[in-house]
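Here the structure comes first, spelled out in C-alpha cells, and everything after it is commentary.
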Number of protein chains: 2
Amino acid sequence: MLKLKPYREILNYAVSMAALLLLLRWLEFRLLVLEHRLEIYISIIALLFLLFGIWLANKVTKPKVETIVVEKEIRVPIENFMLNETELQLRNISKRELEVLTLMAQGMSNLEIAQQLFVSLNTVKTHSAKLFEKLEVKRRTQAIETAKKLQLLPPTLG
Amino acid sequence: MLKLKPYREILNYAVSMAALLLLLRWLEFRLLVLEHRLEIYISIIALLFLLFGIWLANKVTKPKVETIVVEKEIRVPIENFMLNETELQLRNISKRELEVLTLMAQGMSNLEIAQQLFVSLNTVKTHSAKLFEKLEVKRRTQAIETAKKLQLLPPTLG
DNA sequence: TTAAAAATCACCCAAAAGGATGAGTGATGA
DNA sequence: TCATCACTCATCCTTTTGGGTGATTTTTAA
C-alpha cells in the first residue's frame with residue numbers, strides 16, 4: 001500500500017484547481033452564449049482566483065507567530081560567591097558530593113538528581129548520607145542551610 | 001493634518017488593485033488587437049489574481065501571539081530583608097503558613113514544627129501541602145528556594 | 001605497585017514527607 | 001444570619017528520605 005498522506009494536500013489543491021477551471025468553462029459557455037459582456041466574465045474569474053489565492057495562502061503558509069517576551073524581574077542579592085575551599089577540605093567533602101548538594105539545594109529529589117548525574121538512585125542516597133555525616137545534619141533541608149552558612153553553596157541559587 | 005497611518009494599508013491595497021485592473025485593460029487591448037486567444041488572456045488574469053490573493057492573504061493575516069516569560073535577575077545590594085507583602089497577598093499565604101515555611105527553612109521536620117507551634121503533625125502537613133500549592137512546588141526544598149526568591153524568607157536565615 | 005579514597009550500586013528497613021479527602025470550630029464580614 | 005476563610009485534625013495510602021551495611025570498580029597518591 002502506498003503512503004498517501006504526504007500527497008493528500010497536493011491532491012486537494014489539484015482537485016480544487018480542476019473544479020475551478022471547469023466552473024470557468026461553464027461560465028464561459030453560459031455567459032458568451034447569453035451574450036453578456038466580457039467584463040463580467042473576467043471579473044468573476046478574477047474574483048474567484050483572488051479568493052482561491054487567499055484560501056490557498058491561508059492553507060499553505062505556516063502560521064505567523066509573533067513572540068512577545070515578558071520580562072519578570074527577580075531580585076537576587078549581589079554576591080560574588082566564593083566557594084569556601086577550606087571548609088570543603090576540612091570536612092572532606094568530595095566534588096561529587098558537592099554536586100549532589102548543589103542539585104539538592106535546587107529542590108531536586110534524589111531520583112531527579114540521579115537522572116541528572118546519570119547514576120543510580122542508590123548512589124545518590126549514598127552521597128547524601130555521607131554529606132549529612134560530614135555536615136553533621138539529619139535532613140537535606142538542614143544540609144542546605146548549613147552549606148549556605150559555610151559558604152559551600154551560594155546564598156540563593158538563582 | 002489628517003492622520004493617514006490607519007488608512008495607508010487600505011490605500012496600498014486600493015492602489016494595487018487599481019494598478020492590476022489597468023494592467024488588465026492594457027492586456028485586453030494588446031491581446032485582443034493582436035488577435036491572441038482569449039484563453040491566454042484569461043489565464044493571465046487568473047494567475048495574476050491568484051498571486052494577488054496569495055499576497056493579500058499573507059499581508060493581512062494576523063500573526064498568532066505567543067507570550068514567553070523570561071525571568072530577569074536584578075542584582076540588588078545585600079539587603080536588610082523586607083518581607084514581600086505583595087507576593088504574600090497575591091499568593092494568599094496566611095500568617096500560619098508563613099510560620100511553617102519559616103521553620104521549614106530552618107531545616108526542621110514536620111514533627112519538630114508541630115511541637116514548636118503546639119499543633120498536631122497533621123496540621124503541619126496540611127499547612128505545608130497548601131504552601132506547596134500556593135508556591136507551585138512539589139517539595140519542601142523547592143518551597144524554600146522559591147520563597148527566598150520571592151522574598152518571603154530572608155536569603156540565608158542566620 | 002600498592003594502599004587509600006572516591007564513586008558506584010544493592011538490599012533491607014524505618015521514618016518522614018506528601019497527596020487526597022473530609023470535617024469541625026471560631027472569627028470575620030456582607 | 002449566613003457564607004467564607006483560616007486553622008485545626010484525622011485517615012488512608014504512596015512516595016521519598018534516611019540509616020545501616022556490604023561490595024565492586026576507578027582514581028589518586030604515596
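Lettering of chains follows the sequences in order, A, B, ..., and the numbering in each one begins at 1. Quick caveat: nothing in here was measured; it's all calculated off a predicted structure. When reading the values below, keep in mind they use all heavy atoms of this one structure, side chains included, and skip hydrogens, waters and symmetry mates.
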Would you mind reading off the distance between A/Phe118 atom CZ and C/dT8 atom P, rounded to a whole angstrom? 13 Å

Please determine whether a side-chain nitrogen or oxygen atom of A/Thr123 lies at a distance below 4.0 Å from atom OP1 or OP2 of C/dT8. no

Here's a test of your reading of the structure: between B/Met108 and A/Glu97, which maps to the more 5' nucleotide of DNA chain C? A/Glu97

Touch class at under 4.0 angstrom, heavy-atom based, for A/Ser109 against every strand present: sugar-phosphate

Gap between atoms NZ and C1', on A/Lys125 and C/dA10 respectively (whole Å): 10 Å

Scan A/Thr126 against the nucleic acid and name what it touches under 4.0 Å (heavy atoms): base, sugar-phosphate only, or nothing. base

Can you identify which nucleotide, out of D/dT8, C/dA6, C/dT8, has its nearest atom closest to the A/Arg96 side chain? C/dT8

B/Gln89 has an atom CD; how far is it from atom P of D/dA6, in whole Å? 12 Å

Determine: side-chain N/O of A/Asn122 to OP1/OP2 of C/dC12, distance under 4.0 Å, yes or no. no

Quick one: does B/Val124's side chain get under 4.5 Å of B/Leu103's, heavy atoms only? no

Looking across every strand, which nucleic acid part, if any, lies under 4.0 Å from B/Asn110 by heavy atom: base, sugar-phosphate, or nothing? sugar-phosphate

Side chain of B/Ser120 only, please: which of D/dG19, D/dA10, C/dC9 is the nearest? D/dA10

CD of B/Gln142 versus P of C/dA17: gap in Å, rounded? 16 Å

Contact class for A/Lys138 (heavy atom, under 4.0 Å): base, sugar-phosphate, or nothing? sugar-phosphate

Choose from C/dA17, D/dG18, D/dC7 the nucleotide whose nearest atom is closest to any side-chain atom of B/Lys95. D/dC7

What integer distance in Å separates A/Ile93:CD1 from C/dA5:C1'? 15 Å

With a sphere of 6.0 Å drawn around NZ of B/Lys130, does it hold more than 12 non-hydrogen atoms of other residues, nucleotides or ligands? no

Measure from the side-chain N and O atoms of A/Ser128 to the backbone N and O of A/Lys125, and report whether any donor-acceptor pair falls under 3.5 Å. yes

Do any side-chain nitrogens or oxygens of B/Arg139 fall under 4.0 Å of OP1 or OP2 in C/dA17? no

What is the distance, to the nearest angstrom, from the CZ atom on B/Arg91 to the P atom on D/dA6? 16 Å

Heavy-atom donor-acceptor pair, A/Lys148 side chain to A/Pro155 backbone, under 3.5 Å: yes

Would a distance-only check, ignoring hydrogens and angles, find a side-chain to backbone donor-acceptor pair under 3.5 Å from B/Gln115 to B/Glu112? no

A/Thr123 side chain to A/Thr126 side chain, donor-acceptor N/O pair below 3.5 angstrom: no

Distance check needed: C/dA17 P versus B/Leu131 CG, whole Å only. 14 Å

Under 4.0 Å between any heavy atoms, over every strand shown, what does A/Ser94 touch: base, sugar-phosphate, or nothing? Just pick one. sugar-phosphate

How many Å lie between CZ on B/Phe132 and C1' on C/dG19, as a whole number? 11 Å

5' precedence on DNA chain D between B/Val119 and B/Asn92 (nearest-nucleotide basis): B/Asn92

Does C/dA7 have OP1 or OP2 under 4.0 Å away from a side-chain N or O of A/His127? no

